Amino acid sequence: MATATEDHALLIGGERVETGEWLEVRSPYSGDLVGRIAKGGAAEARRALDAADAAAARPLPAHERARILDAVARLLEEHHDEAARTISAEAGKPMKAARVEAQRAVSTFTFAAVEARRLAGEVVPMDASPAGAGKLAFTLRRPIGLVGAISPFNFPLNLVAHKVAPALAAGCPVVLKPASATPLSALFLASLEEEAGLPAGWLNVVAGSASQIGDVLVEDDRVKLITFTGSGDVGWGLAERAHRKRVKLELGNATPAIVCPDAPSGTAAKLAANGFSFAGQSCISVQRVFVLADGWDAFVREFVPKVQALRVGDPADEETDVGPVIGEDDRDRILAWIGESKGDVLTGGDVTDDGLIRPTVIAGPAADDKVQCEEVFGPVVTLTRVGSVDEAIEQANATRYGLQAAIFSTDLPTCLDAATRLEFGGVTVNEAPTFRADQMPYGGVKASGNTKEGPAWAVREMTEERLVVLQT
Ligand code: NAP
């Protein structure tokens, strides 16, 4: 029997709801029980939509929505430690990275509050055509309606924030289904929203059966938009089935970085840190590094020791750089992919005494090695020697993914040319492709998704424009 502190109910219409069944949340590092959460399904999802629908009938004015969002940002700052520890405990994310995520969630709410305050339509220049002469027209931005949000395990706080904060800014109640491995950060955030004064029904958290909850969100006509972050198979499957809704997808990547011989100093260190932070489980973790031949030896000489110097171990330790991957199946899959690669393992490729995959660098992989053509989502970086920037761009683009990419060079025309030719939603120059600030428009093309997150962009998606025409 679990203790009261380990058990969490679902949040539906402001009530704590138990179901008689529990999902266990275990540390990916130690296997210890971190907590239990009531396991919901179709019935709880429907009940949550009823609650959200009732909330929508009592709209909150923009100033009130902005006040609540600002208050959540303040509370997140006050409870920074608890937020970071919850993320770290359930996701196995090293405290260093968990603290960054917790701090970023403050930004996400702060920028969403700005959007709530400035949400407005446009004036249409009606007398610009003979047909419009004598009329005035403008658009209003109206909340789209109920939002279904489905979030992944790897940023259990800030990616939930990127869904619920813009929805509230736009005036849309939310039914949130957090990842089963990491529902506690979402519940923690929901409790802060309640404390900030969010009325019942505006945020409902239903953990549990993904297919049952997902089916309800897809099939219920009251849900006007589904915002999904996670794997491509699930995301595109939802979009196919929910063709009458807006389905906004943030999916994976096999993140490339191009390193020219004139890359600024510190490039190797940046890429080493950003290939392995949270054991490579970020959708924009550095995965495929293309190094121009002239700089190859120097880069490898600098990069490999930086990777070897990363501290691997207990995510609760503030000094740890690299912790566990989320589960044993993932660990086995990643080790198998490393084993299958035709490249040379320069470091890593094995596990530590406590069973963690050691940060792994593979030089010269084949183009069809899974570590090169799939999303590894683990602590593995490949290095590929290329003869020219053109070749690097061609190989970087030779993927079905298109989220973010990077180029490192001190030659501005080379960088700008690459920025236009890399087929990705974002290109960073002399910064790791893992870089994200929360006000940025962030999202992929090709198989990586169909939208941009970042409060200013997400709020636009979560509203629709209504035209008003006045006869003068
Ligand atoms: P996932 O397995 O696709 O799960 C994501 C969410 O979808 C979870 O809440 C999951 O629930 C739910 N889900 C699974 N099957 C479903 C179904 N049939 N209907 C409705 N929901 C369903 O992804 P993950 O392993 O958590 O996350 C890793 C992936 O996310 C990687 O590919 C990564 O690149 C991507 N990602 C992308 C971004 C971005 O912004 N582009 C950011 C972070 C992560 P359960 O947990 O209950 O299965």
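Numbering of ligands and ligand atoms starts at 1, following listing order. Remember, it's a predicted structure, so these values are computed and weren't measured experimentally.
In summary, the atoms of ligand 1 found under 4.0 Å from a heavy atom of L403, numbered by their order in the structure, are 41 (N). Of all atoms in ligand 1, numbered sequentially from 1 with element shown, those under 4.0 Å from a heavy atom of N154 are 43 (C), 44 (C). Heavy-atom contacts of P178 reach the following atoms of ligand 1: 9 (O) (cutoff under 4.0 Å). Near F228, meaning under 4.0 Å from one of its heavy atoms, ligand 1 places the atoms 3 (O), 6 (C), 7 (O). Those atoms of ligand 1 with a heavy atom of I150 less than 4.0 angstrom away are 6 (C), 7 (O), 9 (O), 12 (C), 20 (C), 21 (N).
With 3.5 Å as the limit, one finds a donor-acceptor pair spanning the side chains of T108 and N158. Residues S107 and Q439 have side chains that never bring a donor and an acceptor to within less than 3.5 angstrom of each other. Remark: the S341 side chain and the K370 side chain contain no N/O donor-acceptor pair separated by less than 3.5 Å. T451 and E250 form no side-chain donor-acceptor contact under 3.5 Å, judged by distance and modelled atom types alone. Side-chain contact check for D233 and S231: no donor-acceptor pair (N or O, by modelled atom type) lies under 3.5 Å. Using modelled atom types, one finds a donor on one side chain and an acceptor on the other under 3.5 Å when comparing Q372 with T382. Residues K39 and T19 have side chains that never bring a donor and an acceptor to within less than 3.5 angstrom of each other.
Each of K96, R99, R311 was checked for a salt bridge (Lys or Arg N to Asp or Glu O under 4.0 Å) with E318, and the lone residue meeting it is R99. The only option from T384, V259, I393, L383 that meets the side chain to side chain contact (heavy atoms under 4.5 Å, CB included) definition with F290 turns out to be T384.
Between F377 and ligand 1, a contact under 3.5 Å exists for no N or O pair. Of the polar atoms of L159, none of the N or O atoms is found under 3.5 Å from an N or O of ligand 1, judged by distance alone. For a threshold of 3.5 Å applied to N or O pairs, the pair formed by R436 and ligand 1 contains no separation below that value.
Not a single heavy atom of G443 sits closer than 4.0 Å to an atom of ligand 1.
Neither the backbone nor the side chain of I213 has any atom closer than 4.0 Å to an atom of ligand 1 (non-hydrogen atoms only). Of the heavy atoms in E375, only side-chain atoms (C-beta onward) come closer than 4.0 Å to ligand 1. Under 4.0 Å from ligand 1, not a single heavy atom of S282 appears. Under 4.0 Å from ligand 1, heavy atoms of T229 appear from its side chain as well as its backbone. If you look at A207 next to ligand 1, there are no close heavy atoms at all, none under 4.0 Å. Neither the backbone nor the side chain of F155 comes within 4.0 Å of ligand 1, counting heavy atoms alone.
In terms of protein heavy-atom proximity, atom 10 (C) of ligand 1 is closest to K177 NZ, 4.0 Å. What sits closest to atom 18 (N) of ligand 1 on the protein, heavy atoms only, is S211 CA, 4.1 Å. Shortest contact from atom 20 (C) of ligand 1 to any protein heavy atom: A210 O, 3.4 Å. Of the protein's non-hydrogen atoms, the one nearest atom 38 (C) of ligand 1 is C283 SG, 2.9 Å. L251 O, 2.7 Å is the protein heavy atom nearest to atom 41 (N) of ligand 1. Atom 24 (P) of ligand 1 has its closest protein heavy atom at F153 CD2, 3.8 Å. Among all protein heavy atoms, the one lying closest to atom 40 (O) of ligand 1 is Y442 CE2, 3.2 Å. Here the heavy atom of the protein found nearest to atom 27 (O) of ligand 1 is P152 CB, 3.4 Å.
Classification of the F153-F377 ring pair by plane angle, with boundaries at 30° and 60°, yields perpendicular.
For E423, the salt bridge (charged side-chain N to carboxylate O under 4.0 Å, His left out) criterion is met by K446, not counting sequence neighbours. By the salt bridge (charged side-chain N to carboxylate O under 4.0 Å, His left out) test, R222 pairs with D50, D53, D220, sequence neighbours left out.
Counting heavy atoms from C-beta outward, R47 and N204 have side chains that stay 4.5 Å or more apart. Contact of the N430 side chain with the K270 side chain is not registered, since no non-hydrogen atoms from C-beta on lie closer than 4.5 Å.
Considering only non-hydrogen atoms, atom 47 (O) of ligand 1 lies nearest to S180 out of G425, S180, S231. The nearest non-hydrogen atom to atom 6 (C) of ligand 1, considering only G230, P183, S151, comes from S151.
Shown here is D368, whose CG atom has more than 12 heavy atoms of other residues, nucleotides or ligands within 6.0 Å.
Shown here, atom 4 (O) of ligand 1 is out of close reach of the protein: none of its heavy atoms lies under 4.0 Å off.
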